[in-house]
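Written out below as structure tokens is the structure these notes cover.
This one's a predicted model, so the numbers in the text were calculated from it and none came from an experiment.
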Number of protein chains: 2
Amino acid sequence: MASLRLSGWSCLLLACMLGSVVRSAPTYETLYFDQKIDHFGFYEDSTFRQRYLVSDTHWRKPGGPILFYTGNEGDITLFSNNTGFMWDVAEELGAMLVFAEHRYYGESMPYGNLSYTDPKYLNYLTSEQALADFAVLIRFLKGSVESKDSPVIAIGGSYGGMLAAWLRIKYPHAVVGAIAASAPIWQFEDLVPCNLYYQTVTNDFEKSGTGCAESITKSWAAINRMFKTDEGIGWLSREFHLCSPLKCQDDAAAFKNWLSETWVNLAMVDYPYPANFLEPLPAWPIKEVCKHLRNPNLDDKKLLQNIFQAINVYYNYTGITPCLNTSQTAVGSLDDLGWSYQACTEMVMPFCSDGVTDMFEPQAWNFEAFSDDCYKQWGIRPRPEWITSMYGGKNITTASNIIFSNGDLDPWSAGGVKQSLSDSLIAIIITDGAHHLDLRSNNANDPKSVIEARAMEVAYMKKWIKEHSQQVNGI
Amino acid sequence: MASLRLSGWSCLLLACMLGSVVRSAPTYETLYFDQKIDHFGFYEDSTFRQRYLVSDTHWRKPGGPILFYTGNEGDITLFSNNTGFMWDVAEELGAMLVFAEHRYYGESMPYGNLSYTDPKYLNYLTSEQALADFAVLIRFLKGSVESKDSPVIAIGGSYGGMLAAWLRIKYPHAVVGAIAASAPIWQFEDLVPCNLYYQTVTNDFEKSGTGCAESITKSWAAINRMFKTDEGIGWLSREFHLCSPLKCQDDAAAFKNWLSETWVNLAMVDYPYPANFLEPLPAWPIKEVCKHLRNPNLDDKKLLQNIFQAINVYYNYTGITPCLNTSQTAVGSLDDLGWSYQACTEMVMPFCSDGVTDMFEPQAWNFEAFSDDCYKQWGIRPRPEWITSMYGGKNITTASNIIFSNGDLDPWSAGGVKQSLSDSLIAIIITDGAHHLDLRSNNANDPKSVIEARAMEVAYMKKWIKEHSQQVNGI
């Protein structure tokens, strides 16, 4: 779990990576905008090229809306390829689509290849700088006669959803509204109980098959017992088809971490239809997983053999994976290094488990240990209170025009806004929805809940667009 | 005027410096709070001691309001001593008073004596860092049982008024409202005509005496003619009682600058009662000045002798000043160096004059020359669009609970919000009011307009306090 605390968030990206139904390749232009490396100081006056993608096929000129994806921790093409919702609604709204890459990800590297080599180069990787990039880019985009009256709507999922919400909160002059999908803006300090995240995962497994969560609960002690002998360690390595065999007791924590992250990932991507992620996954993958975990009352080896069958659904659904790699739970091309830095600076998200209300090994949130790990890895110390001081924590009711959508299956819903805060800060709960399901393309197997969520999102966007138009025209 | 462009703002502080009616010394505690030098990056992790003053004599515990002065470009004791309004209303509101010093001024030096020695040390002198200081300090102040439900109201004048408004705009979770007195938040880019500032000064002189503005208008050509000969230059030095004689034609610009700034300063401090600033000034000082400028149709020497008599009202009302110093138009203890840096980075305020609609020599706004001057002085380049991108320019109607007060005599009203933008973004115009007259102590000679303005400000503060209390109590 220790490493989960550091790298867990990279999982947030997973859902975005899931292949959506293959569409006719959407056409967009790849453009670059010169951004100041440091918006908040004048000593570093250099610029870098921020990449952004523009599709104006359906844009109704002049004045048609701009849907602006607030890029998160990864290559922006991943988000443009996996946010089918925006492509699906562009024609109806007469909207231009813009996908703006987050600095320090993809091609948008402030110091090129040096960007990640030194804490001094990483200094400008913050949400505040990213939001300033977005605000400045939006100002530029609105600089033409055709776009000057275009309302801009921020859209994002996961960390991108947090940025969309924060962009509306902090730069309401730049965007008329925001759709913040699966955005855990409250997963900070003590705003939500730190064990809610793992409880949500546990709920998913509990309702996906009898004995399922209980099997996982019991697996940790079984693993611990196996790790007590060399024979047990060797057995685990073989039974789990590990590419790199476990060597000693010290490997136990990493091994259990890897399993924990796998269960968490499954909860995020528990989609109602087959979806691709590294390996293809079946519809409702947790149900498939739980088919192997019906009996929690087995001896250690039998129980753990079932656990292997279960995770094999995630890692080897096609049956062609030669071995499992415990150093990887997410797509290899993801830039989770960047997120690890962000988690070690601003994005300090407390997680904990108790093994009673959840199926994980008990682990308290230990900020000091976390901070020490961060210092070891990055040479900097996290500031756990900063995000709340900056963005307001739960006190955000002066903001307006934000939709917070959360799927009830999604662990990240734990830190999300799940009740409307006003008549323009709207919470939508998507029953049977995993991580920002609503941002994915329409699918024949979509549950009614997500169809309704998307319809509501479109209705609110139309409302914001109309209100903006009335304001522009002085009505 | 060139130097005015660089240092003009320091004048903003003048009014604050004006001695208010002497009160029994208010009691306050001087405290210090450890602030991160860089809120927006993690590489510079050091802290500095921010000074703040607290007076809780009248504080109604628990939950009584906190009036929070957002310190501007100077020693915070100057503001606590010269914002009589806050002291006057503390008892009625049961309020704690807090005066927070702005970083890089007074005692709040991020790098001690080195703070101003190098652009790299000055890098953290920005309005964004200052606002973050205020937000973090407010969070700390609200950390006790007695204060946790205390509504905080930001109050500031001039640049401090801009900060008060921006604090509410950017950190509405920190303050329930703001009183932004004489805050020229629109003196940027082309949000207001660049010549409005000098037009306002001109209006003041026009209505304060026949021939007054016209005499000043004509003085520039007379001065230019005097500068054509050594005899004329010598004559000017003697007649104006200059401490350092003018030497050559190159001194003409600086000399005219000095006069221009004097006229501007007079407009700012055109108060209805005698007030102290360096030297005491009479009530309605421009009327006194204009008594010497009734006849614009004189020969050069006679006209300029009158100009001398006029500025002598400002520099030598007591008659004991031995000579006039053209390198100084404001109190010597002011930290206008800091403002000069801020003007050269974020606070790029375009000013211009045309000599037709105003009484000044024509001068266009020349950003390139300004930028070059800044580079010469500070080694950095200004970013004229940043403030608008950051704070929204004229598009701030999503904000709420801000009072923008402006005196119609005050040149800085040119960049202020002079019409209400919504039912909670309230503009108050104070007829016959100079620079943030409303923040000064009650005075027997206060015009009705400022008495009404203060009453309105108190009424709005009570409204915000009541609404906050209802929210806290779930009503």
Shortest non-hydrogen contact from B:R168 toward A:T398 = NH2-CG2, 3.6 Å

Taking all non-hydrogen atoms of both residues, which atom of B:D45 and which atom of A:R381 are closest, and how far apart?
-> OD2-CB, 4.2 Å

Side-chain heavy-atom pair B:M390, A:F40 within 4.5 angstrom cut-off | yes

Determine whether B:Y171 and A:K170 make a side-chain contact, defined as any pair of heavy atoms from C-beta on separated by less than 4.5 Å.
-> yes

Between [X] and chain B, which part of the residue has a heavy atom less than 4.5 Å away: side chain, backbone, both or neither?
X: A:N401; value: neither
X: A:S389; value: both
X: A:K36; value: side chain

Within the side chain of A:N123, is there an N or O that forms a donor-acceptor pair under 3.5 Å with the backbone of B:Y43?
-> yes

Option that, when pairs with chain B are counted at under 4.5 Å, heavy atom only, ranks first among A:E44, A:E385, A:K394, A:Q129 | A:E385

Looking at A:T345, A:V136, A:I380, A:I396, which makes the most heavy-atom pairs under 4.5 Å with chain B?
-> A:T345

Do the ring planes of B:H39 and A:W386 sit parallel (below 30°), tilted (30 to 60°) or perpendicular (above 60°)?
-> parallel

After noting the C-alpha distance and the side-chain angles of A:R139 and B:E189, does the key distance pass the salt bridge (charged side-chain N to carboxylate O under 4.0 Å, His left out) rule?
-> CA-CA 14 Å; A:R139 178 178 171 151; B:E189 298 190 69; 2.6 Å; yes

For [X], is the [atom1] atom crowded, meaning more than 12 foreign heavy atoms sit under 6.0 Å from it?
X: A:N473; atom1: CG; value: yes
X: A:Y375; atom1: OH; value: no
X: A:Q419; atom1: CD; value: no

Do we get A:R383 above B:F42's six-membered ring, with its NZ or CZ under 6.0 Å from the centre and within 45° of the axis?
-> yes

Portion of [X] that has a non-hydrogen atom of chain A nearer than 4.5 angstrom:
X: B:Q471; value: side chain
X: B:Y341; value: side chain
X: B:T397; value: side chain

